[in-house]
Amino acid sequence: MNLKPLSDRVVIKHLEAEEKTQSGIILTGTAKEKPQEAVVVAVGPGGVVDGQKVEMQVKVGDKVIYSKYAGTEVTLDKEEYVIVRQGDILAIVE
Amino acid sequence: MNLKPLSDRVVIKHLEAEEKTQSGIILTGTAKEKPQEAVVVAVGPGGVVDGQKVEMQVKVGDKVIYSKYAGTEVTLDKEEYVIVRQGDILAIVE
Amino acid sequence: MNLKPLSDRVVIKHLEAEEKTQSGIILTGTAKEKPQEAVVVAVGPGGVVDGQKVEMQVKVGDKVIYSKYAGTEVTLDKEEYVIVRQGDILAIVE
Amino acid sequence: MNLKPLSDRVVIKHLEAEEKTQSGIILTGTAKEKPQEAVVVAVGPGGVVDGQKVEMQVKVGDKVIYSKYAGTEVTLDKEEYVIVRQGDILAIVE
Amino acid sequence: MNLKPLSDRVVIKHLEAEEKTQSGIILTGTAKEKPQEAVVVAVGPGGVVDGQKVEMQVKVGDKVIYSKYAGTEVTLDKEEYVIVRQGDILAIVE
Amino acid sequence: MNLKPLSDRVVIKHLEAEEKTQSGIILTGTAKEKPQEAVVVAVGPGGVVDGQKVEMQVKVGDKVIYSKYAGTEVTLDKEEYVIVRQGDILAIVE
Amino acid sequence: MNLKPLSDRVVIKHLEAEEKTQSGIILTGTAKEKPQEAVVVAVGPGGVVDGQKVEMQVKVGDKVIYSKYAGTEVTLDKEEYVIVRQGDILAIVE
């Protein structure tokens with residue numbers, strides 16, 4: 001099962017959740033210090049959004065910081081994702 | 001009886017409700033984990049909406065995730081539908 | 001006495017009220033299940049509304065579903081009408 | 001003394017108030033049933049309003065229905081008027 | 001001392017205040033019946049305001065009616081003025 | 001140390017504060033009667049702001065009246081300044 | 001680890017925090033008098049933002065004053081940053 005975001009939307013996944021899923025160890029301390037960090041899982045096609053041409057600047061695998069109160073949480077196959085607009089992504093962490 | 005949405009509107013139907021109607025078995029557990037998933041039942045013609053040209057990107061039968069607080073619930077022939085703008089559809093589930 | 005709506009406005013009449021007037025029988029059950037259904041009674045000329053060209057897509061006699069909190073209720077010759085913008089009409093019921 | 005509205009504004013007068021002034025009889029019942037009906041007393045020149053060209057569609061003497069919470073009440077020579085934008089006039093009553 | 005308003009702003013002075021200052025008699029009754037009437041004291045140059053070309057339609061000396069909650073009150077040389085945008089002036093009283 | 005405002009911003013200084021600083025005498029009465037008067041200390045370059053070309057109409061040394069709730073107060077070298085957009089300056093006092 | 005802001009965003013760092021980190025001495029007095037001063041740490045590429053071309057006017061190392069309630073606080077490698085839009089930067093301190 002796969003999420004294909006529309007227009008300028010981006011599907012991201014909290015690093016916190018990922019660490020729990022893969023290692024089984026809950027890294028609470030670390031997780032609390034970077035609650036807005038996430039990894040990009042799927043990127044919409046961009047195009048004309050609200051009458052403005054939007055080019056996508058993030059790609060799958062980017063670690064990003066996003067606006068705290070933005071986005072919609074969705075659960076798919078027991079994994080939690082957040083779908084945000086690209087404009088809610090503040091910065092890429094390199 | 002049939003719903004023909006205007007402009008960029010999309011008629012969707014909760015998967016939860018559909019499963020109840022067809023099988024008679026209430027799949028509460030599954031349903032609760034994906035409350036924003038729905039299937040597209042009818043798609044508006046698009047065109048110029050609020051002065052912006054809108055092309056429809058979803059089609060009848062698509063499984064979609066939509067914004068939790070968006071849309072208007074309507075009941076027609078005892079079936080419940082939600083009418084949303086295409087912009088409230090976040091992603092297609094494939 | 002007649003209502004001639006301005007610009008992109010549409011005068012609609014609740015089916016609930018109509019059924020009461022014509023048959024004298026109050027179909028409460030049915031009425032409660034489709035509270036946003038109405039029939040189009042008069043259609044404005046459209047034209048340029050807020051700087052955007054609007055073409056009217058509904059016509060007198062159409063059964064429509066409209067946005068629950070939209071419109072202004074008016075009483076004329078003891079009949080109740082609702083005046084909405086075309087943008088508040090969600091779908092035509094066929 | 002005379003009111004000359006600016007841009008797309010329209011000066012209207014409640015029918016309720018008019019009936020009281022001329023006949024001396026207070027027609028409370030009738031007045032309560034059509035609280036948003038008014039007669040056009042003066043019409044602004046239209047022109048470019050908020051960057052959009054506005055043509056005036058009502059004329060002095062038109063009976064109109066207007067949006068309940070719109071407009072500013074003014075008292076001039078002991079007569080009460082309401083000044084609304086043309087966009088707050090919903091329909092002409094013919 | 002003189003007020004030179006910027007862009008589409010207009011400096012107005014309540015007739016109520018003026019009458020008090022000049023005659024020393026407080027005309028409370030009259031003043032209460034026309035609280036939004038004022039006389040234009042200074043007019044801004046207009047020009048491009050928020051990306052829209054604005055031409056000034058009022059001139060010094062005009063008696064105007066303005067929107068009740070608009071404008072900023074200022075006191076200069078013990079005289080009280082209100083500075084409003086031209087768009088908050090509803091009508092000229094002739 | 002110097003403040004160089006960006007785009008259409010203007011740095012102003014309350015006359016009230018200035019009089020206190022220089023003479024050591026607190027002119028409370030006068031100060032209270034003109035709380036929105038200030039003198040321009042620095043002017044931004046203007047240019048394209050929110051997609052609109054803005055030309056600066058005030059200059060350093062102008063006494064201005066500005067909108068009461070606008071602007072951000074900043075303290076630099078123990079002096080208090082307010083940074084406002086030019087659009088929040090209502091009038092120049094001459 | 002590095003923050004690369006998107007579009008017109010700017011990563012800034014409170015001077016207060018910096019002084020604490022480097023010297024180990026908490027300069028509370030000074031810090032309290034300039035709470036909105038910060039130093040620019042990273043600057044986005046600008047470009048078309050919300051349909052408007054934005055050119056970046058600040059550069060890494062600039063001391064800036066920014067709008068008090070703007071921005072998102074992020075913690076990266078135990079350092080605290082604020083990510084703001086360039087439009088929330090009021091002035092450069094020279």
Side-chain angles (χ1 to χ4, degrees), chain C residues 1-14 16-18 20-21 36 38-62 64 66-89, chain D residues 5 7-12 14-16 18-19 27-71 82-94:
Chain C
M1 217 178 257
N2 231 324
L3 279 172
K4 201 182 112 186
L6 292 188
S7 69
D8 65 340
R9 288 202 175 81
V10 176
V11 183
I12 57 180
K13 197 166 174 0
H14 272 95
E16 175 189 19
E18 196 176 45
K20 272 192 218 159
T21 306
Q36 296 152 268
V39 67
V40 174
V41 166
V43 179
V48 177
V49 180
D50 297 338
Q52 311 294 355
K53 189 155 189 185
V54 174
E55 275 174 62
M56 302 311 284
Q57 295 171 25
V58 295
K59 56 182 191 306
V60 173
D62 277 354
V64 296
Y66 72 101
S67 183
K68 214 183 294 209
Y69 303 109
T72 302
E73 294 175 13
V74 296
T75 307
L76 205 72
D77 297 342
K78 290 183 185 154
E79 297 281 334
E80 282 172 25
Y81 301 94
V82 181
I83 303 180
V84 297
R85 309 198 88 114
Q86 188 180 66
D88 294 320
I89 296 180
Chain D
S7 69
D8 65 340
R9 287 201 177 82
V10 177
V11 183
I12 57 180
H14 272 94
L15 290 182
E16 176 189 20
E18 197 175 44
E19 282 161 17
L27 301 166
T28 327
T30 315
K32 276 198 178 144
E33 269 163 6
K34 38 182 167 172
Q36 296 152 268
E37 254 183 280
V39 67
V40 173
V41 166
V43 178
V48 177
V49 181
D50 296 337
Q52 310 295 354
K53 188 155 190 186
V54 174
E55 276 174 61
M56 301 312 283
Q57 296 171 26
V58 295
K59 56 182 191 306
V60 173
D62 278 354
K63 275 176 70 174
V64 296
I65 290 192
Y66 71 102
S67 182
K68 215 183 294 210
Y69 303 109
V82 180
I83 303 180
V84 297
R85 310 198 88 114
Q86 188 180 66
D88 295 320
I89 296 180
L90 306 173
I92 299 175
V93 185
E94 292 184 330

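Reckoned from all heavy atoms, side chains included, excluding hydrogens, waters and symmetry mates. Order of the sequence lines sets the chain letters (A, B, ...), proteins ahead of strands, with each chain counted from 1.
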message: Does any backbone or side-chain atom of C:Leu6 lie under 4.5 Å from a heavy atom of chain D? Answer side chain, backbone, both or neither.
response: both
message: I'd like to know if the side chain of D:Arg9 reaches the main chain of D:Ala42, judged simply by a donor and an acceptor atom lying under 3.5 Å from each other, with no hydrogens or angles considered.
response: no
- prompt: Are any non-hydrogen side-chain atoms of C:Val74 and C:Leu3 less than 4.5 angstrom apart?
  reply: yes
Contacting moiety of D:Val58, where chain C heavy atoms sit under 4.5 Å: side chain
task: Go through the steps for D:Val40 and D:Lys59 under the test side chain to side chain contact (heavy atoms under 4.5 Å, CB included), then give the verdict.
output: CA-CA 7 Å; D:Val40 173; D:Lys59 56 182 191 306; over 6 Å; no
query: Non-hydrogen atoms of chain C under 4.5 Å away: do they reach the side chain of D:Ile65, the backbone, both or neither?
result: side chain
query: With a 4.5 Å heavy-atom cut-off, do D:Gln86 and D:Val49 have their side chains touching?
result: no
